[in-house]
Enquirer: 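First the structure, then my questions, so here it is.
The analysis underlying the following values was restricted to heavy atoms, covering all of them including side chains, and did not include hydrogens, waters or symmetry mates. Note that the structure is predicted; figures quoted are calculated from it, not measured.
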Amino acid sequence: MNRLLTIVAGLVTALTATMPVAAQDREFGGAIELVDPDVFRVCADPNNMPFSNEAEQGFEQEVARFLADKLGRESVSYTYFPQATGFVRMTLGSNLCDVIMSYPQGDELVQNTNAYYRTAYALVYPKDGNLAGVETIADPRLKDKRIGIVAGTPPATYLARAGLIGKAKPYRLMIDTRLDNSAKAMIDDLDSGEIDAAVLWGPMAGYYAEESGKDYAVVPLTGEGKGPATTFRITMGVRATDQEWKRTLNRAIQEYQGEIDEILLSYGVPLLDEEDRPIVSKAGKTGSEVGDAAKAPTPESREPKG
């Protein structure tokens, strides 16, 4: 499962930074920073859509290409490693790349930029079924329903509180994304009727609901009450030493937030403002509605740009 889910559920990995023989060392403001001045170097998972893959079809990669162009970088490069234990150490911490494109705010393994999107775990179910209009896990209409849940994630607490965990179908949190995909498996089970509803991290919920071709509601879980957080600010992660690089990215995020939002919405990401209100596209659509309009993008439509 996605690195974001792992971190939110309590990933504990030590970040160790090594100092390579660095042709890419660069001096920013009097301090040496290991950031390539010409190449936008991204740490990424090789098979973890909608975030990234080796075909460069993920929204992290589209955002990276956009920022690289705006920052005057000549190209974008990737260091791939599965988003599991050791990801930070083997990529950013080894100075093989300069930015992790999606990282929860507040995690201590990296230095966070300002948040560039905010999203939540989401409930997915057929729009025209008997769950239409359900917005919280506590809704009585979920009683006796079989719900898919990734084990160890925050919404599992709310399923237990609502008495739904006994019939829930669990999916693995810690996986090798090269071999398994809990999010896709969950939506496949929803398609087949094996489960009645699915609870997934928002970007995965929106993307795989769209990929299924079915008419699913994707409802961010923002009204669960006291308990574990279900909504998170997502930043970019950089090394603690790269202060000027962080400032550069922060300025870009601030200047181009609208364009970044449009990229994320096009992948079905359910974006939320600080008041938990949906952020909509220029056409007035939420992430899932933008995805519905586009439907499952073909590989050609996500080809890497220049």
Enquirer: Can you tell me if E62 and Y267 form a side-chain donor-acceptor pair at under 3.5 Å?
Expert: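 Yes, side-chain donor-acceptor contact under 3.5 Å.
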Enquirer: Using a 4.5 Å cut-off on heavy atoms from C-beta on, say whether the side chain of M186 contacts that of V150.
Expert: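 V150 vs M186: side chains touch.
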Enquirer: Look at the side chain of Q61 and the backbone N and O of Q57, then say whether any donor-acceptor pair between them is shorter than 3.5 Å.
Expert: yes
Enquirer: Give a yes or no answer on whether the side chain of E135 reaches the backbone of V219 with a donor-acceptor pair at less than 3.5 Å.
Expert: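 Checked: no pair found.
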Enquirer: Under a 3.5 Å distance rule, please check whether T119 uses its side chain to pair with a backbone N or O of G202 as donor and acceptor.
Expert: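 The answer is no, because no donor-acceptor pair under 3.5 Å joins these two groups.
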Enquirer: Given 3.5 Å as the limit, does a donor-acceptor pair link the side chain of T136 with the main chain of G223, or not?
Expert: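 Here the side-chain-to-backbone pair does not exist.
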Enquirer: Looking at CG of L164 and CG of L142, how far apart are the two atoms once the value is rounded to the nearest 0.5 Å?
Expert: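 Here the interatomic distance stands at 6.0 Å.
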Enquirer: Give the minimum heavy-atom separation between P228 and Y158, together with the two atoms involved.
Expert: O-OH, 2.6 Å
Enquirer: Going by atom types alone, do T222 and D276 pair a side-chain donor with an acceptor below 3.5 Å?
Expert: no
Enquirer: What heavy-atom pair brings E244 and E33 nearest, and what distance separates the two atoms?
Expert: N-OE2, 2.7 Å
Enquirer: If I compare all heavy atoms of F87 with all of P82, which pair ends up nearest, and what's the gap?
Expert: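 The pair with the smallest heavy-atom distance is CD1-O, 3.6 Å.
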Enquirer: Determine whether a donor-acceptor pair (N or O, by modelled atom type, separation under 3.5 Å) exists between the side chain of S94 and the backbone of L96.
Expert: no
Enquirer: Would you check, one step at a time, whether the test salt bridge (charged side-chain N to carboxylate O under 4.0 Å, His left out) holds for D98 with R239?
Expert: CA-CA 7 Å; D98 300 322; R239 286 177 291 271; 2.8 Å; yes
Enquirer: Report the distance from atom CG of N250 to atom CH2 of W245, rounding to the nearest 0.5 Å.
Expert: 11.0 Å
Enquirer: Could you go through the side chain to side chain contact (heavy atoms under 4.5 Å, CB included) check for E194 and R146 one step at a time?
Expert: CA-CA 8 Å; E194 174 72 16; R146 193 172 195 203; 2.8 Å; yes
Enquirer: What heavy-atom pair brings I149 and A156 nearest, and what distance separates the two atoms?
Expert: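 Result for this residue pair: CD1-N, 3.8 Å.
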Enquirer: Rounded at 0.5 Å granularity, tell me how far OH in Y117 sits from CD in Q257.
Expert: 11.5 Å
Enquirer: State, to 0.1 Å, how close A240 and Q243 come at their nearest heavy-atom pair, and which atoms those are.
Expert: O-NE2, 2.9 Å
Enquirer: Between R41 and E74, is there a salt bridge with N-O shorter than 4.0 Å?
Expert: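 Salt bridge absent between E74 and R41.
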Enquirer: Mind checking whether V42 and S77 have side chains closer than 4.5 Å, heavy atoms only?
Expert: no
Enquirer: When rounded to the nearest 0.5 angstrom, what is the spacing between CD1 in I187 and CD1 in I195?
Expert: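 It comes to 7.0 Å.
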Enquirer: Can you list the residues that meet the ring pair (Phe, Tyr, Trp, His ring centres under 6.0 Å) rule with Y125, with sequence neighbours excluded?
Expert: none
Enquirer: Checking the side chain of R161 only, and the main-chain atoms of G227 only, is there a donor and an acceptor separated by less than 3.5 Å?
Expert: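 Flag not set: sc R161 to bb G227 has no pair under 3.5 Å.
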Enquirer: Do L272 and V63 belong together in a cluster built from hydrophobic side chains that touch within less than 4.5 Å?
Expert: no
Enquirer: Could you tell me whether a side-chain N or O of K143 sits under 3.5 Å from a main-chain N or O of A162, the two making a donor and an acceptor?
Expert: yes
Enquirer: According to a 4.5 Å side-chain heavy-atom criterion applied to Ile, Leu, Val, Met, Phe, Trp and Tyr, with indirect links allowed, do F66 and F59 form part of one hydrophobic cluster?
Expert: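 Same hydrophobic cluster.
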Enquirer: Report yes if some heavy atom in the side chain of V99 is under 4.5 Å from a heavy atom in the side chain of L249; otherwise report no.
Expert: yes
Enquirer: To the nearest 0.5 Å, tell me how far Y216 OH sits from L131 CG.
Expert: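 One gets 11.5 Å once the value is rounded to the nearest 0.5 Å.
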Enquirer: Do NZ/NE/NH1/NH2 and the carboxylate oxygens of K169 and D189 come within less than 4.0 Å?
Expert: yes
Enquirer: Decide side chain to side chain contact (heavy atoms under 4.5 Å, CB included) for T153 and L173; before the verdict, give the C-alpha distance in whole Å, the side-chain angles of both, and the deciding distance to 0.1 Å.
Expert: CA-CA 8 Å; T153 57; L173 171 65; 4.1 Å; yes
Enquirer: Establish, from distance only, whether the side-chain atoms of N181 and Y208 form a donor-acceptor pair under 3.5 Å.
Expert: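 Yes, side-chain donor-acceptor contact under 3.5 Å.
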Enquirer: In sequence, state the C-alpha distance, the side-chain angles, and the governing distance for L265 and V269, and then conclude on side chain to side chain contact (heavy atoms under 4.5 Å, CB included).
Expert: CA-CA 5 Å; L265 290 167; V269 179; 6.0 Å; no
Enquirer: Please answer whether the main-chain N or O of Q105 pairs with a side-chain N or O of T235 as donor and acceptor at a distance below 3.5 Å.
Expert: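 No.
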Enquirer: Less than 4.0 angstrom from a charged side-chain N to a carboxylate O is my criterion; do E274 and R233 meet it?
Expert: yes
Enquirer: At what distance, to the nearest 0.5 angstrom, does CZ of F232 lie from CH2 of W201?
Expert: 6.0 Å
Enquirer: Less than 4.0 Å between a side-chain N and a carboxylate O, is that true for K145 and D196?
Expert: no
Enquirer: What pairs with D69 under salt bridge (Lys or Arg N to Asp or Glu O under 4.0 Å), at least two apart in sequence or on another chain?
Expert: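 If we apply the salt bridge (Lys or Arg N to Asp or Glu O under 4.0 Å) test to D69, skipping adjacent residues, there are no hits.
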Enquirer: Do you know the tightest heavy-atom contact between A160 and I165?
Expert: CA-CB, 4.0 Å
Enquirer: We want to know whether Q83 and N48 form a side-chain donor-acceptor pair, criterion being a heavy-atom distance below 3.5 angstrom.
Expert: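 Note: Q83 and N48 side chains meet the donor-acceptor criterion.
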Enquirer: Distance-only, no hydrogens or angles: does the T231 side chain make a donor-acceptor pair with backbone N or O of A120 under 3.5 Å?
Expert: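 Absent.
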Enquirer: Establish, from distance only, whether the side-chain atoms of S52 and Y80 form a donor-acceptor pair under 3.5 Å.
Expert: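 There is no such pair between these side chains.
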Enquirer: Please assess Y78 against C43 for the test side chain to side chain contact (heavy atoms under 4.5 Å, CB included), listing each intermediate value before the final yes or no.
Expert: CA-CA 6 Å; Y78 296 94; C43 319; over 6 Å; no
